[in-house]
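Nothing here was measured: the structure is a model prediction, and the numbers come from that model. Just the heavy atoms: all of them, side chains too, but no hydrogens, waters or symmetry mates, feed the values below. In this chain, residues are counted from 1 in sequence order.
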Amino acid sequence: MTTQPHARTHDLTALRLYFPASSRAKATRFWHRLSAPALAQHLLGVARRSGLQQALLYQIGSGYLPGERLTHHHLDGSAMQHPQCLELLDSEERLRAFMQEHAEEMRKVRAVLFACELPMTVPEPGSTAST
């Protein structure tokens with residue numbers, strides 16, 4: 001297991017973004033006006049280009065968003081309001097800057113910020129782990 005040299009585990013923060021699967025990003029190009037990109041794919045791309053440490057898009061089996069009914073994922077297709085979750089990992093400062101930079105898209109999501117309180121470290125070979 002490798003770690004990134006710039007990553008400091010003691011300030012690792014997770015930002016979870018919850019939104020309906022039907023959410024679309026702002027149209028930024030001519031072709032987007034015909035079919036705007038899915039918000040999940042757009043945010044994944046901008047997270048990568050922003051240099052965030054990690055981004056994961058979770059496939060939700062069942063769930064609901066505030067004010068919506070319970071939906072279930074089906075291979076044939078899911079309800080337009082079926083929830084999606086995009087999790088971003090980096091420092092709190094970088095995640096807050098990301099949210100501010102993409103404030104227009106963030107109005108469409110429910111954002112929850114989690115501070116990672118207990119950093120996980122792997123003991124080096126030959127050392128004893130203290131608890």
Side-chain angles (χ1 to χ4, degrees):
M1 183 165 119
T2 62
T3 58
Q4 296 177 4
H6 72 282
R8 294 187 343 239
T9 57
H10 66 275
D11 71 347
L12 189 62
T13 303
L15 173 63
R16 285 197 174 176
L17 306 174
Y18 301 96
F19 49 92
S22 62
S23 296
R24 298 285 175 204
K26 178 183 173 187
T28 57
R29 298 184 184 117
F30 171 77
W31 294 110
H32 288 174
R33 301 205 191 306
L34 300 175
S35 176
L39 182 60
Q41 296 305 315
H42 170 73
L43 291 174
L44 272 170
V46 295
R48 180 68 175 168
R49 288 188 296 279
S50 296
L52 295 181
Q53 288 182 29
Q54 181 174 317
L56 301 170
L57 179 62
Y58 292 110
Q59 297 301 320
I60 307 300
S62 298
Y64 61 92
L65 295 168
E68 298 296 332
R69 63 183 178 82
L70 176 67
T71 62
H72 305 280
H73 176 73
H74 297 285
L75 293 176
D76 299 342
S78 295
M80 298 296 279
Q81 295 302 314
H82 187 72
Q84 284 191 312
C85 176
L86 177 63
E87 181 180 80
L88 306 174
L89 292 174
D90 211 308
S91 69
E92 181 177 349
E93 180 181 323
R94 291 192 57 166
L95 292 173
R96 287 187 183 275
F98 180 85
M99 287 176 46
Q100 188 172 20
E101 184 178 336
H102 302 284
E104 189 168 335
E105 277 88 13
M106 292 301 143
R107 285 187 281 146
K108 302 173 185 176
V109 305
R110 178 176 234 188
V112 180
L113 200 62
F114 297 94
C116 299
E117 295 179 17
L118 300 173
M120 298 292 294
T121 58
V122 179
E124 300 209 14
S127 68
T128 59
S130 58
T131 56

Mind listing the closest non-hydrogen atom pair of [X] and [Y] along with its distance?
X: Met99; Y: Ala111; answer: CE-CB, 4.3 Å
X: Ala47; Y: Leu88; answer: CB-CD2, 3.8 Å
X: Asp90; Y: Gly51; answer: OD2-O, 3.9 Å

Do the side chains of [Y] and [X] get nearer than 4.5 Å, heavy atoms only?
X: Leu17; Y: Arg110; result: no
X: Arg24; Y: Pro37; result: no
X: Met106; Y: Phe98; result: yes
X: Cys85; Y: Leu57; result: no
X: Tyr18; Y: Val112; result: yes
X: Glu92; Y: Asp11; result: no
X: Phe114; Y: Thr13; result: no
X: Leu86; Y: Arg16; result: no

Q: Measure from the side-chain N and O atoms of His102 to the backbone N and O of Val46, and report whether any donor-acceptor pair falls under 3.5 Å.
A: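 The answer is no, because no donor-acceptor pair under 3.5 Å joins these two groups.
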Straight-line distance of [X] [atom1] to [Y] [atom2], nearest 0.5 Å:
X: Leu39; Y: Glu105; atom1: CG; atom2: CD; answer: 6.5 Å
X: Lys108; Y: Ser22; atom1: NZ; atom2: OG; answer: 10.0 Å
X: Leu52; Y: Leu95; atom1: CG; atom2: CG; answer: 6.0 Å
X: Leu113; Y: Arg96; atom1: CG; atom2: CZ; answer: 5.0 Å
X: Leu15; Y: Glu87; atom1: CG; atom2: CD; answer: 9.0 Å
X: Arg94; Y: Glu101; atom1: CZ; atom2: CD; answer: 10.5 Å

Q) Strictly by modelled atom types, are Gln84 and Tyr58 linked by a side-chain donor-acceptor pair under 3.5 Å? A)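 Distance-only check fails for Gln84 and Tyr58.
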Q: Check the hydrophobic clustering (I, L, V, M, F, W, Y; side-chain heavy atoms under 4.5 Å; chains of links allowed) and say if Val109 and Leu44 are grouped together.
A: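 Same cluster: Val109 reaches Leu44 through Ile, Leu, Val, Met, Phe, Trp or Tyr contacts under 4.5 Å.
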